[in-house]
Amino acid sequence: QVQLVESGGGLVQAGGSLRLSCAASGRTFSYYAMGWFRQAPGKEREFVAAISVSGGNTNYANSAKGRFTISRDNAKNTVYLQMNSLKPEDTAVYYCAARLGEVAYTGYNYWGQGTQVTVSS
(Lines give C-alpha, C1' and ligand atoms only; values in the text may rest on other atoms or scores of the structure.)
Protein backbone atom coordinates (compact mmCIF):
# COMPACT_ATOMS: atom_id res chain seq x y z
CA GLN A 1 0.00 0.00 0.00
CA VAL A 2 1.06 3.53 -0.75
CA GLN A 3 -0.63 6.50 0.87
CA LEU A 4 -0.58 9.77 -1.03
CA VAL A 5 -1.38 13.24 0.28
CA GLU A 6 -1.53 16.25 -2.03
CA SER A 7 -1.06 19.86 -1.00
CA GLY A 8 -0.42 23.23 -2.57
CA GLY A 9 -3.69 23.91 -4.30
CA GLY A 10 -5.50 27.20 -4.04
CA LEU A 11 -6.90 30.21 -5.83
CA VAL A 12 -4.68 32.02 -8.31
CA GLN A 13 -5.21 34.56 -11.05
CA ALA A 14 -4.75 33.66 -14.67
CA GLY A 15 -1.08 33.82 -15.61
CA GLY A 16 0.00 32.91 -12.10
CA SER A 17 1.79 29.88 -10.76
CA LEU A 18 1.28 27.14 -8.22
CA ARG A 19 3.37 24.21 -7.08
CA LEU A 20 1.57 21.08 -6.01
CA SER A 21 3.22 18.53 -3.78
CA CYS A 22 2.35 14.92 -3.15
CA ALA A 23 3.86 13.20 -0.14
CA ALA A 24 3.99 9.42 -0.18
CA SER A 25 4.21 6.98 2.67
CA GLY A 26 4.03 3.24 2.98
CA ARG A 27 5.96 1.12 0.56
CA THR A 28 9.19 2.26 -1.02
CA PHE A 29 8.45 5.39 -2.99
CA SER A 30 11.30 4.83 -5.39
CA TYR A 31 9.61 1.70 -6.76
CA TYR A 32 6.71 3.71 -8.17
CA ALA A 33 6.19 5.79 -11.24
CA MET A 34 4.10 8.81 -10.31
CA GLY A 35 1.44 10.75 -12.14
CA TRP A 36 -0.73 13.82 -11.82
CA PHE A 37 -4.31 13.83 -13.03
CA ARG A 38 -7.12 16.36 -12.80
CA GLN A 39 -10.88 16.44 -12.89
CA ALA A 40 -12.90 19.52 -13.66
CA PRO A 41 -16.59 19.80 -12.73
CA GLY A 42 -18.74 17.77 -15.08
CA LYS A 43 -15.75 16.25 -16.84
CA GLU A 44 -13.89 12.98 -16.66
CA ARG A 45 -10.56 12.73 -14.91
CA GLU A 46 -7.70 13.34 -17.31
CA PHE A 47 -3.97 12.70 -17.37
CA VAL A 48 -1.71 15.70 -16.79
CA ALA A 49 1.85 14.46 -16.32
CA ALA A 50 3.89 11.46 -15.21
CA ILE A 51 7.43 10.74 -14.13
CA SER A 52 9.48 7.58 -14.04
CA VAL A 53 10.97 5.96 -10.97
CA SER A 54 14.33 7.61 -11.50
CA GLY A 55 12.88 10.91 -12.66
CA GLY A 56 14.68 10.64 -15.95
CA ASN A 57 11.58 10.14 -18.08
CA THR A 58 8.53 12.39 -18.08
CA ASN A 59 5.31 12.53 -20.08
CA TYR A 60 2.87 15.42 -20.39
CA ALA A 61 -0.58 15.98 -21.74
CA ASN A 62 -0.63 18.45 -24.61
CA SER A 63 -2.44 20.92 -22.37
CA ALA A 64 0.45 20.82 -19.89
CA LYS A 65 3.44 20.89 -22.22
CA GLY A 66 5.54 24.00 -21.87
CA ARG A 67 3.66 25.21 -18.79
CA PHE A 68 3.81 22.41 -16.23
CA THR A 69 6.82 20.54 -14.90
CA ILE A 70 6.69 17.29 -12.95
CA SER A 71 9.59 16.34 -10.70
CA ARG A 72 10.30 14.07 -7.79
CA ASP A 73 12.59 13.86 -4.80
CA ASN A 74 12.97 10.23 -3.82
CA ALA A 75 14.85 11.17 -0.64
CA LYS A 76 11.76 13.10 0.48
CA ASN A 77 9.18 10.67 -0.92
CA THR A 78 7.58 13.57 -2.73
CA VAL A 79 6.48 14.37 -6.25
CA TYR A 80 5.81 17.90 -7.44
CA LEU A 81 3.88 19.62 -10.18
CA GLN A 82 5.04 23.13 -10.98
CA MET A 83 2.30 24.91 -12.88
CA ASN A 84 3.05 28.19 -14.63
CA SER A 85 1.01 30.45 -16.90
CA LEU A 86 -2.18 29.07 -15.42
CA LYS A 87 -5.43 29.45 -17.32
CA PRO A 88 -9.03 29.33 -16.11
CA GLU A 89 -9.41 26.01 -17.93
CA ASP A 90 -6.80 24.54 -15.57
CA THR A 91 -9.36 24.79 -12.77
CA ALA A 92 -9.89 21.29 -11.40
CA VAL A 93 -9.20 18.95 -8.53
CA TYR A 94 -5.68 17.65 -9.01
CA TYR A 95 -4.79 14.13 -7.93
CA CYS A 96 -1.47 12.39 -7.65
CA ALA A 97 -1.23 8.68 -8.31
CA ALA A 98 1.30 5.88 -8.13
CA ARG A 99 1.92 2.73 -10.11
CA LEU A 100 4.57 0.05 -10.11
CA GLY A 101 6.65 -0.14 -13.22
CA GLU A 102 7.26 2.25 -16.03
CA VAL A 103 5.78 5.70 -16.49
CA ALA A 104 2.44 5.52 -18.25
CA TYR A 105 -0.85 7.28 -18.86
CA THR A 106 -2.94 4.60 -17.19
CA GLY A 107 -2.69 1.73 -14.73
CA TYR A 108 -2.32 3.74 -11.54
CA ASN A 109 -3.25 1.79 -8.44
CA TYR A 110 -2.95 4.33 -5.66
CA TRP A 111 -4.54 7.75 -5.49
CA GLY A 112 -4.49 10.75 -3.22
CA GLN A 113 -7.56 12.63 -2.05
CA GLY A 114 -6.99 15.56 -4.39
CA THR A 115 -6.30 19.25 -4.03
CA GLN A 116 -8.42 22.01 -5.55
CA VAL A 117 -6.87 24.43 -8.01
CA THR A 118 -8.97 27.41 -9.06
CA VAL A 119 -7.75 29.88 -11.65
CA SER A 120 -9.67 33.13 -11.91
CA SER A 121 -9.85 35.16 -15.10
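One is the number of the first residue; the rest follow in order along the sequence.
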L81/F68 under side chain to side chain contact (heavy atoms under 4.5 Å, CB included): CA gap, chis, key distance, verdict | CA-CA 7 Å; L81 186 67; F68 294 3; 4.2 Å; yes
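- At distances below 3.5 Å, not a single donor-acceptor pair connects side-chain atoms of T28 with backbone N or O atoms of S30.
- Residue E102 places its CD atom among 12 or fewer non-hydrogen atoms of other residues, nucleotides or ligands, all under 6.0 Å distant.
- In the hydrophobic clustering of this structure, V2 groups with Y31; members are Ile, Leu, Val, Met, Phe, Trp, Tyr whose side-chain heavy atoms approach within less than 4.5 Å, directly or through other members.
- Screening residues 66-81 for salt bridge (charged side-chain N to carboxylate O under 4.0 Å, His left out) gives R67-D90 as the qualifying pairs, with residues at least two apart or on separate chains.
- Within the 4.5 Å cutoff, the side chain of T115 has heavy atoms near those of the L20 side chain.
- A donor-acceptor pair under 3.5 Å links the side-chain atoms of S52 to the main chain of N57, judged by distance alone.
- Two residues are said to be in side-chain contact when any heavy atoms from C-beta on lie closer than 4.5 Å; Q39 and Y95 meet this criterion.
- Taken to the nearest 0.5 Å, the OG atom of S63 stands 9.5 Å off from the CZ atom of F47.
- Here CE of M83 is found 8.0 Å from CH2 of W36. Values are rounded to the nearest 0.5 Å.
- Atoms CD and CD1, on Q82 and I70 in that order, are 12.0 Å from each other to the nearest 0.5 Å.
- Side chains of Y94 and R38: a donor-acceptor N/O pair is present below 3.5 angstrom, by distance only.
- Residues L18 and L86 have side chains in contact (heavy-atom distance under 4.5 Å, counting atoms from C-beta outward).
- Rounding to the nearest 0.5 angstrom, the gap separating the CE atom in M34 from the CG atom in L4 is 5.0 Å.
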Residues 104-114, side-chain donor-acceptor partners within the protein, below 3.5 Å, at least two apart:
from, atom 1, to, atom 2, distance (Å)
Y108, OH, A104, O, 2.6
W111, NE1, Y108, O, 3.3
Q113, NE2, E6, O, 3.4
Q113, NE2, E6, OE1, 3.4

